[in-house]
Amino acid sequence: PDGASPSAEAARVAPKHPDLTLDQARRTATFWIYAAALSMHALFGTAVTFHIVAIFEEAGRGRPEAFGYFLPQAVVATVVNLAASALVDRRPLKPLLLLMLAAFVSGAWGLIYLGHAWGYWLLVLGFGAGGGLWGVLSNLAFVRAFGRLHLGEISGLNTSLTVFASAVGPLLFSVGNDWFGSYRAAMALCLGINAALLLVA
């Protein structure tokens, strides 16, 4: 796009099937695994953010700790995002997808055991690293896999799925808390889905 001749490294990560239509893209496993992984982050992350005080109080932690969680998580996310952005022009995306899902699994495990110091830091590192990688993958996955010609339609469908998931997440946690008297069931469900996505990916 910038007019320069592609290097051998850049050619290695170029789209294998450029300029697919939306209909062609949504028939591929690649579209759905990336869309599902990105949507799960929106679902899980929004749910935790909306219920952050109640989740921390359930784990025996106070309101200051709940709001204080966002600073170290943001630092980790920024560092990982910058590092991944520096690497991604010369590397395929699949390892980053695997790392993102593994980070979310780790973060979910930490969330379930938030009452322990190691659980808190596993949550910070897992959700922080996963969020940083999410930013890279959400920007590059679909253009890398399907080209630029129909990118608006393809990324638009992914965005619709992500927004829907972010709306469902807080509701899922509320219903889980009402039914089971705790947020742990919803956390365990999200952990299981992310682990399943990691295995499929």
Could you tell me whether a side-chain N or O of E65 sits under 3.5 Å from a main-chain N or O of F56, the two making a donor and an acceptor? no
Could you tell me the separation between the CG atom of L198 and the CG atom of L99, rounded to the nearest 0.5 Å? 9.5 Å
Please name the pair of heavy atoms, one in N81 and one in G132, separated by the smallest distance, quoted to 0.1 Å. ND2-O, 3.0 Å
Any donor and acceptor pair, going by atom type alone, linking the side chain of N177 with main-chain N or O of F173 inside 3.5 Å? no
Looking only at heavy atoms, what is the nearest atom pair of A129 and A103, with distance? CB-CB, 4.2 Å
Correct closest heavy-atom pair for L197 and M40 would be CD1-CG, 3.7 Å
Are any of the side-chain heavy atoms of T21 and H150 separated by less than 4.5 Å? yes
Looking at N158 and I154, would you say the former's side chain and the latter's main chain have a donor-acceptor pair under 3.5 Å? no
Same apolar cluster (I L V M F W Y, side chains within < 4.5 Å links), L199/Y34: no
Atom CD of E153 and atom CG of L20: how far apart are they, to the nearest 0.5 Å? 12.0 Å
For a 4.5 angstrom cut-off between non-hydrogen side-chain atoms, does C190 reach L43? yes
Are the side chains of L122 and W109 in contact, using a 4.5 Å heavy-atom criterion? yes
Report the distance from atom NZ of K94 to atom CG of L97, rounding to the nearest 0.5 Å. 8.5 Å
Give a yes or no on whether F50 atom CZ has more than 12 heavy-atom contacts from other residues, nucleotides or ligands under 6.0 Å away. no
Atom pair NE2 (H51) and OG1 (T46), whose distance is rounded to the nearest 0.5 Å: 10.0 Å
May I ask you to check whether over 12 heavy atoms, not counting those of W179, lie within 6.0 Å of atom CH2? no
For the residue pair R26 and W32, establish whether any side-chain heavy-atom pair is separated by less than 4.5 Å. yes
Side chains of Y120 and R61 in contact at under 4.5 Å (non-hydrogen atoms): yes
Measure the CD1-CG distance between I193 and L101 for me, rounded to the nearest 0.5 Å. 12.0 Å
Verify side chain to side chain contact (heavy atoms under 4.5 Å, CB included) between T162 and W134, making sure each step is shown before the conclusion. CA-CA 12 Å; T162 301; W134 185 91; 4.2 Å; yes
T30 OG1 to F142 CZ distance, which is reported to the nearest 0.5 Å: 10.0 Å
